[in-house]
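This report concerns only the one structure given below.
Chain letters run A, B, ... following the sequence lines, proteins first and then strands; every chain starts at 1. Scope of the values below: all heavy atoms of this structure, side chains included, with no hydrogens, waters or symmetry mates.
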2 protein chains.
Amino acid sequence: MATVWQCQGVTSASTAGAVRQGSLRELNLAVVLRRIAAAERPPSRAEIAAGTGLTRATVSAVVDDLIAGRLVAEADPAPRTGAGRPARGLVLAADGPAGLGLEVNVDYLAACVVDLTGAVRHHVVRRADLRPLSPADALDRLAALAAEARAAAVHDGLTLAGAALAVPGLVGDGGLVRLAPNLGWRDVDVPGLLAGHPLAEPVDGIPPLVVDNEANLAALGELHAGPPGSASFLHISGEIGIGAGIVLDGVLYRGARGWSGELGHIPVHPEGRPCRCGGRGCLERYAGQEAVLAAAGLSGGELPADTAATRLADLAAADDPATLAALADAGTALGVAVAGVVNLLDLDTVVLGGGYAPLAPWLAPPVVAEISRRVLTAAWSPVTVRPAALGAQSAAVGGAASVARRIIERPVGWLARSG
Amino acid sequence: MATVWQCQGVTSASTAGAVRQGSLRELNLAVVLRRIAAAERPPSRAEIAAGTGLTRATVSAVVDDLIAGRLVAEADPAPRTGAGRPARGLVLAADGPAGLGLEVNVDYLAACVVDLTGAVRHHVVRRADLRPLSPADALDRLAALAAEARAAAVHDGLTLAGAALAVPGLVGDGGLVRLAPNLGWRDVDVPGLLAGHPLAEPVDGIPPLVVDNEANLAALGELHAGPPGSASFLHISGEIGIGAGIVLDGVLYRGARGWSGELGHIPVHPEGRPCRCGGRGCLERYAGQEAVLAAAGLSGGELPADTAATRLADLAAADDPATLAALADAGTALGVAVAGVVNLLDLDTVVLGGGYAPLAPWLAPPVVAEISRRVLTAAWSPVTVRPAALGAQSAAVGGAASVARRIIERPVGWLARSG
DNA sequence: CCATTTAATTCAACCACTGAACAAATTGCG
DNA sequence: CGCAATTTGTTCAGTGGTTGAATTAAATGG
């Protein structure tokens with residue numbers, strides 16, 4: 001009776017491999033670095049030792065490695081501590097490795113560079129309607145933008161350690177874009193088309209290029225930029241489709257096959273309006289960009305997402321009745337779907353991102369109303385609904401930040417780079 | 001002896017503590033033990049070494065510790081390997097620590113003992129209507145049942161290392177049952193009421209008693225008993241309320257506050273039937289036990305769940321038209337909600353458990369229909385809908401198995417017990 | 001100016017893994 | 001039957017990295 005206790009998932013946390021001798025240092029490098037990254041103010045070696053349970057001797061040795069590897073620097077001025085020898089505060093290095101974030105969307109390309117501290121060191125958005133272009137041409141332009149960003153990073157003394165590309169669509173294994181309906185892409189082999197463009201210097205443990213869903217990376221951006229403490233949240237990207245990134249306990253959940261977050265096709269009126277997915281009454285048909293524009297009396301189903309959102313926000317700010325009604329209805333539909341999600345996942349925060357970010361003043365109230373009406377546990381603990389901290393550009397930033405985060409989670413790859 | 005009563009906390013991935021010197025052994029004990037637990041057939045020390053990357057010397061030393069601690073035993077007969085010195089197969093010990101699973105439900109109490117290998121060594125169900133009893137009286141009876149189970153375990157040479165209690169309701173920190181509507185419990189301090197009843201011998205790292213939602217533990221039972229490969233699934237417990245346990249990548253997801261899985265209050269008809277939760281159109285009002293019984297023309301809203309389910313199954317098997325229609329409608333409503341969940345979480349398996357298990361032949365087809373109609377990615381990869389492997393009794397077994405699983409995940413606690 | 005206090009480093013000791021050599025136990029071939 | 005081949009498991013000196021105490025460093029305060 002062979003009983004299987006643990007099924008190997010796609011990325012299981014408990015798949016921790018064997019701990020060899022050197023792993024000890026590897027693990028402690030990560031522990032100390034995480035501690036420095038998570039601290040409110042620059043901690044001293046002694047504080048880290050007290051907080052982690054390691055000895056001061058060990059912490060000193062580990063910190064030496066981190067400083068030698070340009071991952072950590074000593075902060076000045078030193079924090080005041082009172083009597084005794086003054087502590088030397090430790091901060092993440094601002095001149096070490098950095099992540100490159102890229103985004104391809106319907107009407108713009110974006111590239112940004114985020115360093116270890118989380119600071120956005122470089123950010124370019126190039127507006128252009130990409131729908132007429134072939135995937136190869138679009139990616140060529142993206143590569144040019146990436147090269148610019150890389151040059152800027154090098155100029156700042158940074159080293160790009162990896163890149164993440166956000167795409168508005170379903171992404172399969174190996175960076176294959178299965179379907180990006182609004183771009184008109186289908187089965188596009190992004191890594192293949194980008195081969196030859198050196199986007200980043202390969203670092204052990206950091207893939208040179210990760211392709212991911214735009215909503216996923218935007219959620220990571222929110223995790224990175226948002227206030228600490230909300231480690232379980234739903235980040236909703238309201239565009240033509242409605243995607244969502246799910247962060248549970250500080251970890252992005254990608255689903256069994258990497259296709260989680262299809263919030264737009266949650267049924268809100270089971271026998272309601274037919275949807276292009278084949279179902280009926282999907283959320284997208286009530287709170288998607290096209291539906292809201294139509295309800296507000298605007299015809300531009302082909303408007304870019306942020307243009308549409310700002311136009312709606314302008315009209316709503318001017319108290320246009322049709323727009324206000326359209327947003328109220330969309331918010332209610334969104335609230336119904338979100339209430340279901342919160343009931344299921346017990347989230348404490350819902351973030352309105354993408355095109356929803358500028359509309360949050362009008363969307364959030366009905367969403368909150370539906371949540372408090374329908375969520376059983378809302379009485380015990382309130383659910384926060386707030387706009388995305390990074391706004392519409394969070395996917396590129398989130399991608400770049402995810403690269404930096406990976407280095408913090410496993411610094412040995414970077415340290416092994418060149419000695 | 002001061003025993004610490006605690007609830008299964010929300011474990012954050014980033015709380016990974018420092019790796020002290022001894023942790024190295026601690027981690028490798030877990031690595032080797034997991035390997036033995038996950039293997040199809042008893043592996044040899046050499047196979048473990050090859051599979052993990054550890055040296056044979058290290059594996060031998062680790063295995064010696066595990067055998068000395070009665071967590072592992074050498075299997076006989078030894079597996080045939082061909083030429084060379086014959087390997088000595090390693091299996092999980094059947095006479096070491098074991099977990100105690102308990103369940104309080106509307107019309108029965110249950111206790112079971114599961115050993116490390118996953119075998120159910122003892123299982124008692126005591127039928128009784130618990131609703132007239134006070135929580136204290138009910139828990140007294142439960143404690144008596146637990147004492148019996150403990151005696152049986154000791155008789156078998158087992159040592160109980162912890163207990164898990166399944167309750168049909170919301171469980172807060174510290175084992176406080178906030179609300180168990182069908183039991184009529186509200187803010188019941190279970191650990192306080194059970195103080196003095198030695199349910200298990202405290203083991204470092206294994207809380208003596210964990211109180212958890214019935215649906216959560218049932219999902220763990222399914223993870224334990226179900227076929228391997230489905231490490232991300234939704235386990236639905238259809239009772240008077242509809243709860244769900246969410247297993248993602250082999251890990252039970254509890255939610256930010258431990259209250260995940262309220263599937264019953266997902267809206268399926270936003271302005272439909274009013275629900276006692278204050279919302280309208282909750283799934284529970286269309287697929288909950290009361291709704292189905294009423295639709296089938298049965299009045300017994302107070303029937304125990306399994307009785308109601310078997311009665312419905314009998315009627316359906318006899319082709320009773322009203323029952324068939326009621327189940328079809330319930331299945332459709334369930335399918336709408338589940339389709340939303342699958343769209344959101346990209347699950348590959350949905351398990352019908354609790355009272356739904358015997359009704360699966362009639363519920364599964366409409367659920368599958370709604371999924372294939374509404375789930376965008378169903379075209380790429382099918383979603384399996386199946387009845388629970390353990391049936392209605394999975395919560396107690398799942399709780400007991402979760403205790404055993406904890407020992408496998410962190411054996412050092414058990415090994416430190418008494419030398 | 002000196003006692004006090006806290007931070008960081010140094011250093012011998014120790015723990016657990018490493019790698020190679022060795023012993024054990026079986027198969028297969030002459 | 002005997003011996004080479006083969007694979008398993010153990011022994012043992014060696015090493016990397018943590019440990020804990022002692023030591024040095026650098027400030028405050030009376």
For [X], which contact category applies under a 4.0 Å heavy-atom criterion: base, sugar-phosphate, or nothing?
X	value
B:Ser60	base
B:Thr58	base
B:Ala57	base
B:Arg45	sugar-phosphate

Phosphate contact ([N] OP1 or OP2) by [X] side-chain N/O below 4.0 Å:
X	N	answer
B:Ser44	D:dG9	yes
B:Thr55	C:dT18	yes
A:Asn28	D:dT18	yes
B:Arg25	C:dC17	yes

**Request:** In whole angstrom, give the distance that lies between atom CG of A:Leu27 and atom C1' of D:dG16.
**Result:** 14 Å

**Message:** Measure CG/A:Asp64 against C1'/C:dA8 and give the value in whole Å, please.
**Reply:** 10 Å

**Asked** Are side-chain heavy atoms of B:Leu415 and B:Arg417 found at a separation under 4.5 Å?
**Response** no

**Item:** Heavy-atom donor-acceptor pair, B:Arg56 side-chain to D:dG9 base, under 3.5 Å
**Value:** yes

**Asked** Do B:Arg85 and D:dT8 have a side chain to base donor-acceptor pair shorter than 3.5 Å?
**Response** yes

Every protein N/O within reach of nucleotides 3-5 of chain D N/O, cut-off under 3.5 Å:
none

**Request:** Rounded to 10°, tell me the angle between the two end axes of the helix from C:dC1-D:dG30 to C:dC22-D:dG9, each built from five pairs.
**Result:** 10°

